[in-house]
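Every heavy atom of this structure was used, including side-chain atoms; hydrogens, water molecules and symmetry mates were not. In each ligand, atom 1 is the first atom listed, and ligand 1 is the first ligand listed.
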Amino acid sequence: MATLSEAYRDNPIDLQHIIPLDFDSVHELPDSHTWSDHVNNLYLEKYTYLKHTPMDEESSVPIIDLSAPNVVELVGNACETWGMFHVVNHGVSSILVDDVESHAQQLFSLPTQHKLKALRAPDGATGYGVARISPFFSKLMWHEGFTIMGSIVEHAKELWPHDYEDFCNVMDNYQKKMKSLAYQIMLLILKFLDITKEGEEEMISTSSIYECEGALQLNSYPCCPDPNRAIGLAPHTDSLLLTILHQSETKGLQIHRNGVGWVAVPPVSGALVVNIGDLFHILSNGRFPTVYHRAVPNQDAHRISVAYFYGPPADTIVGPLNKLPCPRYRSLTVKEYISLKNKHLENALSLIKF
Ligand SMILES: O=C(O)CCC(=O)C(=O)O
Ligand SMILES: [Fe+2]
């Protein structure tokens with residue numbers, strides 16, 4: 001995917017922020033992964049960070065049937081109030097989803113030295129490594145990932161020299177399904193905002209959003225000896241338009257709700273989780289919140305999740321849709337926004353605010 005790979009090429013990171021921990025060899029939480037020092041706590045406090053037991057809330061992330069007659073309204077309302085929803089009846093076969101999960105499981109079960117053969121290059125996009133947001137934190141996360149952007153044949157060959165095709169085919173197939181599901185959901189959201197592809201006044205700045213591409217992120221959170229002092233994936237927002245997440249049966253995803261704190265988003269059988277990313281927040285002129293979320297590790301269960309990030313080509317200009325009055329954000333290219341995010345993480349949005 002041009003957008004992200006280009007931005008990553010321009011912002012190489014050093015190996016210490018690429019190589020994951022050898023999880024098989026540690027039986028206690030190492031200091032490098034213990035999130036309880038002063039600096040991190042200051043940052044974490046505002047998110048009641050280490051309280052892994054989220055507060056109860058009356059309502060929870062809505063579950064939306066994509067075949068419901070009022071699906072536009074359901075999706076739009078969920079985007080406004082939660083910035084996140086589950087979808088069922090999404091048309092992606094559970095066999096394929098299970099297949100992706102089991103291939104991810106197979107990858108992360110390889111011995112560490114073997115996985116390192118497919119390590120992401122410092123200026124690369126695809127491959128095995130720690131989370132992209134890692135350099136922003138002084139502690140490391142209880143997480144290992146495998147990013148897929150464009151062809152993964154070379155990396156897959158490193159992992160399974162004689163048997164790489166199956167992995168590549170499953171991931172390709174899943175990405176195709178995700179791409180069309182993401183497109184379908186994007187159209188529903190645009191319809192809610194009263195934007196149609198034919199709407200002339202919108203075509204100039206946003207026509208490329210009809211040519212979005214995606215990237216796939218396989219996440220692994222091994223069993224953690226001390227989950228209350230560790231974090232799987234630190235709080236962040238996703239940068240692109242929207243994300244479609246499959247989480248295995250193991251809990252771990254949480255979102256931050258203003259005035260409430262961290263709320264668990266437990267897996268719903270057969271459902272995929274959709275969340276708004278920064279770019280849709282900008283397009284909607286702030287009407288849809290971009291969701292702060294994090295993942296926490298478990299003591300007794302290894303968790304896998306698969307995130308599909310969907311966004312427009314690098315040179316697309318994004319800004320609040322023309323129809324929406326009083327723009328709160330300045331327009332910029334997707335590439336420019338990704339670079340800002342790579343440098344400033346959560347402050348990127350405030351830097352483009354009027
Ligand atoms: O593992 C999860 O539930 C969240 C993953 C995630 O937020 C991401 O990959 O951006
Ligand atoms: Fe995320």
Side-chain angles (χ1 to χ4, degrees), residues 1 3-4 8 20 23 47 49 52 54 60-61 82-87 97 100-101 104-105 107-108 120 125-137 141-149 171 174-175 178 182 214-224 227 230-256 262-269 271-281 288-298 301-311 338 341-342 345-346 348-349:
M1 186 193 190
T3 310
L4 291 171
Y8 292 155
F23 291 101
Y47 305 110
Y49 206 92
H52 278 189
S60 53
V61 171
W82 288 89
M84 180 179 266
F85 48 95
H86 288 101
V87 283
V97 177
V100 168
E101 187 183 317
Q105 187 87 49
L107 188 159
F108 292 119
R120 221 169 58 214
T126 292
Y128 178 67
V130 304
R132 280 268 157 205
I133 54 175
S134 172
F136 288 95
F137 303 92
M141 298 166 215
W142 199 259
H143 166 271
E144 54 183 339
F146 188 86
T147 312
I148 298 176
M149 247 175 255
M171 296 302 156
Y174 187 70
Q175 287 193 90
M178 285 297 110
L216 203 60
Q217 171 71 25
L218 313 179
N219 296 306
S220 154
Y221 309 93
C223 296
C224 180
I231 189 80
L233 209 51
H236 66 281
T237 61
D238 294 341
S239 304
L240 303 183
L241 276 180
L242 54 88
T243 304
I244 304 180
L245 182 86
H246 161 68
Q247 43 176 347
S248 63
E249 280 173 10
T250 307
K251 68 182 186 339
L253 175 62
Q254 299 180 350
I255 57 171
H256 190 263
W262 288 104
V263 176
V265 185
V268 172
S269 177
L272 294 162
V273 183
V274 179
N275 69 265
I276 291 291
D278 298 349
L279 294 186
F280 234 133
H281 173 78
F288 301 149
T290 176
V291 193
Y292 255 108
H293 54 287
R294 67 178 185 181
V296 297
N298 296 286
H302 180 192
R303 177 168 179 268
I304 296 279
S305 75
V306 180
Y308 178 79
F309 305 113
Y310 185 68
I338 300 291
K341 191 83 186 269
N342 281 345
L345 197 63
E346 68 192 59
L349 275 177

Margin query: Rounded at 0.5 Å granularity, tell me how far CZ in Phe146 sits from CZ in Arg120.
Written below: 10.5 Å

Margin query: Taking 4.0 angstrom as the limit and counting only heavy atoms of Phe309, give me the atoms of ligand 1 inside it, by number and element.
Written below: 8 (C), 9 (O), 10 (O)

Next item on the list: Drop me the distance from Tyr174's OH to His246's NE2, to the nearest 0.5 angstrom.
Entry: 6.5 Å

Check: For ligand 1, which atoms have a heavy atom of Tyr221 less than 4.0 angstrom away?
Finding: 1 (O), 2 (C), 4 (C), 5 (C)

Checklist line | Top protein contact for atom 9 (O) of ligand 1, by heavy-atom distance | finding: Asn219 ND2, 3.0 Å

Check: Of all the atoms in ligand 1, which lie at a distance below 4.0 Å from a heavy atom belonging to Arg303?
Finding: 1 (O), 2 (C), 3 (O)

Item checked: Sub-6.0 Å ring centroid separation between Phe288 and His281 -> no

Next item on the list: Could you list which atoms of ligand 1 come closer than 4.0 Å to a heavy atom of Asp238?
Entry: 10 (O)

Next item on the list: Give yes if a backbone or side-chain nitrogen or oxygen of Gln247 is under 3.5 Å from a nitrogen or oxygen of ligand 1, and no if not.
Entry: no

Next item on the list: Report the C-alpha distance between Thr250 and His302 in whole Å, list the side-chain angles of each, state the deciding distance to 0.1 Å, and finish with yes or no for side-chain hydrogen bond (donor to acceptor under 3.5 Å, both in side chains).
Entry: CA-CA 8 Å; Thr250 307; His302 180 192; over 6 Å; no

Check: Which residue, Thr237, Asp238, Asn275, forms the side chain to side chain donor-acceptor pair (under 3.5 Å) with His293?
Finding: Asp238

Note to self: For the Fe ion (ligand 2), give me the closest N/O/S atom belonging to Asp238, just the atom name.
What the structure shows: OD1

Check: Which residue and non-hydrogen atom of the protein lie closest to atom 8 (C) of ligand 1, and at what distance in Å?
Finding: Leu233 CD2, 3.7 Å

Next item on the list: Considering just N/O/S atoms, say which atom of His236 is closest to the Fe ion (ligand 2).
Entry: NE2

Next item on the list: Give, for atom NE2 of His86 and atom CE of Met84, the distance between the pair rounded to the nearest 0.5 Å.
Entry: 7.5 Å

